[in-house]
Amino acid sequence: MQKIIDRFVKYITVDTQSDPNNPAFPSTEKQWDLARILVEDLKEIGMEDVTLDDNCYIMATLPSNVNFKVPTIGFIAHIDTSPDYSGTNVKPQFHPNYNGDDIVLNKEEKIVLSPSYFDDLLLYKGQTLITTDGTTLLGADDKAGITEIISAMEYLIQNPEIKHGKIRVGFTPDEEVGKGAHMFDVEKFGADWAYTMDGSQVGELEYENFNAAGATVTINGKIVHPGYAKGKMINSMLIASEFIASLPKNEVPEKTEGYEGFYHLHTMNGEVEKTELQYIIRDHDLKIFEERKVVFQKVADALNKKLGSAIIQVEIKDQYFNMREKIEPVMHIVDIAEEAMKQLDIKPLIKAIRGGTDGSQLSYKGLPCPNIFAGGHNFHGRYEYVAAESMQLATDVIIKIAQITTERAN
C-alpha cells in the first residue's frame, strides 16, 4: 500500500487546476506537467502504445494475455483538479490508524476536519487518512483514480498468471470544467466499454447522473451620481437580488438530495451598471430538467416585463445528459463491476451521481462508461481527504473486473 501512497503524493503535488474561463484546450498549461509524468510512468511499468495527443489526452494499452476473444475494456480518470479551490503547493498530511477524533488541519488558522460535521470520517476508523493542510484541496478528485488505474495495470503486468483481455487506459484534461470528453477519440480508444474511476465512498457504483446546463444571467443597469439618481439610476445588483429571490428557494444544492434537482448560483460579479450571475441547472429527470430551464427563463421575462425593458438577458447551454439511457441496454457492464466488489467483500452502493463525470458524455459518444469509487471525500475544497485503504480497494476492483470479464468470455 505504501507504493500507492507514494504514487498518489507524487501526482497531487503537481498543480493541475483547470480554468472555466479559458476556451483553450486544455484550459491550463500546467495540466501538461502531470500528463508528461504519467506518460513516463505508464511506459516505466510496461504499458504499450502510450500516447499523448495535442489536446492532452493520454491513452495506453495492456495487451491481452489469453488466446481467446475477450471484450476490450477501459479505465478512465481525469488529470485536472477543480477551479473551485487552490491546487497550488499541496501539502498532504498523514493520519495513520485514525481514531475517529477531530483532525487539526491547520493549527494557526484553526481549520479542523471533524466527524461531528463530516460523519463519513467514521467509516475509516483504524485506517490511514490523507488530508490537506487546510490551505488547498487535496486532488483525490481525480488523482486517486489515476493512481488506482496505474497501480492496477502494474500489478497485472507483474502477475501474468492473472488472465485478462486487452485493457485500454485513458486520462483526460478539463473534466472539472465540463470539457473532459469533448475531444476524446472514442474510436482510437477502441474499447467495448469503460469505467471512470471518479466516485467517492468505497462501494459506489453509478450509472445515472444529472442532466446539466450552465446559465449566464446578465443584468444591465445605469450608473448616475447617487445624489441625482431618482428616476434615473438602475442598480443592476438590486435587480440581480430580485432575480435570485424569484427562483424556488428550496431547490438549491444545500437543501436537496437523491434525485432532487436544483438551481445553483456559483459565481456573482456585480457593480451598479452591470451584474453577471453564473448558475448551474441540474436534474436527473429529463422532462423536469427541461422544465427547469423554462422556469429560469420565465423568471427573467417576468422581471423584464415589470421593469419595462429587456434589462436581464439569459443564456442557457446544455452541458451533459443522464447516461442511464445509454447504460441500461448494456447492464452487464454494471453487473461485472458489482460482482467484482462482492467478490472482494465490498458492499456495492448503486446510486445516482449528484453531478457528472466524463463517463456521462462518453456514453453518449458511444462508449458506455459507468462510474466506480476512487475513495475520496469532500471534493473541491480544503476538507478533502482519502483513506489509503480505499485506494487499495479501488485498485483491487479494477483487477477483479479484468478477471471477471475474461472469465465470462471464456
Side-chain angles (χ1 to χ4, degrees), residues 35 38-39 41-42 45-53 55-66 69-79 142-157 162-173 175 180-199 205-207 209 323 326-327 329-340 356-374 394-409:
L38 296 176
V39 165
D41 284 1
L42 288 165
I45 67 169
M47 295 291 283
E48 298 183 10
D49 305 324
V50 181
T51 61
L52 174 60
D53 71 13
N55 295 307
C56 204
Y57 286 88
I58 298 168
M59 294 183 185
T61 301
L62 178 61
S64 172
N65 64 0
V66 297
K69 185 173 176 58
V70 180
T72 299
I73 60 174
F75 295 95
I76 297 169
H78 62 88
I79 295 168
D142 188 25
K143 291 166 186 175
I146 293 172
T147 299
E148 293 150 8
I149 292 169
I150 293 180
S151 298
M153 294 305 104
E154 182 179 43
Y155 189 86
L156 288 171
I157 290 167
I162 300 174
K163 302 306 178 186
H164 58 82
K166 181 179 178 180
I167 300 173
R168 290 284 277 162
V169 166
F171 300 136
T172 67
E175 189 269 355
H182 286 191
M183 306 292 283
F184 190 97
D185 190 335
V186 169
E187 185 176 353
K188 177 185 174 184
F189 194 60
D192 293 282
W193 70 83
Y195 302 92
T196 48
M197 302 300 297
D198 194 20
L205 173 56
E206 302 152 325
Y207 64 93
N209 61 277
M323 63 180 160
K326 302 299 181 181
I327 302 294
V330 289
M331 276 297 288
H332 66 281
I333 71 178
V334 176
D335 296 339
I336 289 171
E338 184 177 6
E339 178 60 27
T357 69
D358 281 340
S360 57
Q361 294 185 45
L362 290 172
S363 295
Y364 277 86
K365 293 182 75 170
L367 180 65
C369 199
N371 189 47
I372 294 173
F373 73 91
T395 301
D396 295 343
V397 168
I398 294 170
I399 295 165
K400 187 62 71 173
I401 286 172
Q403 286 181 278
I404 294 173
T405 302
T406 305
E407 289 165 1
R408 291 192 177 190

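Please read all numbers here as calculations on a predicted model, not as lab measurements. Positions are given from 1, in the same order as the sequence printed here.
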Checklist entry - Stepwise, does the side-chain contact (heavy atoms from CB on, under 4.5 Å) test hold for Ile157 with Met47? => result CA-CA 8 Å; Ile157 290 167; Met47 295 291 283; 4.0 Å; yes
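- A donor-acceptor pair is defined here as one N or O able to donate and one able to accept, closer than 3.5 Å; such a pair exists between the side chain of Thr406 and the backbone of Gly165.
- The two residues Phe373 and Met197 have their closest heavy-atom pair at O-CE, 3.5 Å.
- When atom types are taken as modelled, the side chain of Asp198 and the backbone of Asn371 share no donor-acceptor pair closer than 3.5 angstrom.
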Item to check | Evaluation steps, side-chain contact (heavy atoms from CB on, under 4.5 Å), between Leu156 and Ile167 | outcome: CA-CA 10 Å; Leu156 288 171; Ile167 300 173; 3.8 Å; yes
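- In this structure, Gly74 and Ala191 approach most closely via the heavy-atom pair N-CB, 4.0 Å.
- A pairwise comparison of heavy atoms in Lys143 and Ile79 identifies CE-O, 3.6 Å as the closest pair.
- Between His164 and Asn65 the shortest side-chain heavy-atom distance falls below 4.5 Å.
- Summarising the geometry, atom CD1 belonging to Ile58 is positioned 12.5 Å from atom CD1 belonging to Ile76; distances are rounded to the nearest 0.5 Å.
- Residues His332 and Trp193 meet the side-chain proximity criterion, which asks for heavy atoms closer than 4.5 Å.
- When every heavy atom of Ala144 is checked against every heavy atom of Ala374, the shortest pair comes out as CB-O, 3.7 Å.
- The distance from the OG atom of Ser64 to the NZ atom of Lys69 is 10.0 Å, given to the nearest 0.5 Å.
- Within the 4.5 Å cutoff, the side chain of Phe189 has heavy atoms near those of the Leu367 side chain.
- The environment of NZ in Lys188 is crowded: more than 12 heavy-atom neighbours from other residues, nucleotides or ligands sit within 6.0 Å.
- The CD atom of Glu339 sits 9.5 Å away from the CD atom of Glu407 when rounded to the nearest 0.5 Å.
- In this structure, Tyr57 and Asp185 have side chains that are not in contact, with every pair of non-hydrogen atoms separated by 4.5 Å or more.
- For the side-chain contact (heavy atoms from CB on, under 4.5 Å) with Glu154, the qualifying choice from Thr395, Asp41, Ile45, Ile149 is Ile45, the only one to do so.
- Taking OG from Ser363 and CE from Met323, the interatomic distance works out to 5.5 Å, rounded to the nearest 0.5 Å.
- Taking the side chain as every heavy atom from C-beta outward, Tyr207 and Ile333 never approach each other to under 4.5 Å.
- No side-chain heavy atom of Thr196 sits under 4.5 Å from any side-chain heavy atom of Asp142.
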Checklist entry - Passes side-chain contact (heavy atoms from CB on, under 4.5 Å), Asp358 versus Cys369? Steps please. => result CA-CA 8 Å; Asp358 281 340; Cys369 199; over 6 Å; no
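- Between Ile150 and Phe171, the closest side-chain pair of non-hydrogen atoms falls below 4.5 Å.
- Counting only heavy atoms from C-beta outward, the side chains of Ile398 and Met153 approach each other to under 4.5 Å.
- In this structure, Tyr155 places its OH atom where only 12 or fewer heavy-atom neighbours from other residues, nucleotides or ligands lie under 6.0 Å away.
- Across Ile73 and Ala402, no two heavy atoms sit closer than the pair CD1-CA, 4.0 Å.
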Checklist entry - Between Lys166 and Thr61, is a side-chain contact (heavy atoms from CB on, under 4.5 Å) present by the stated rule, with each step listed? => result CA-CA 7 Å; Lys166 181 179 178 180; Thr61 301; 3.8 Å; yes
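- When all heavy atoms are compared, the tightest approach of Leu52 to Ala35 is CD1-CB, 3.9 Å.
- Taking NZ of Lys365 as the reference point, atom CG of Leu362 lies at 6.5 Å (rounded to 0.5 Å).
- Interatomic distance, Glu148 CD to Ile399 CD1, rounded to the nearest 0.5 Å: 11.0 Å.
- The closest donor-acceptor contact from the side chain of Arg168 to the backbone of Asp192 lies at 3.5 Å or more, if one exists at all.
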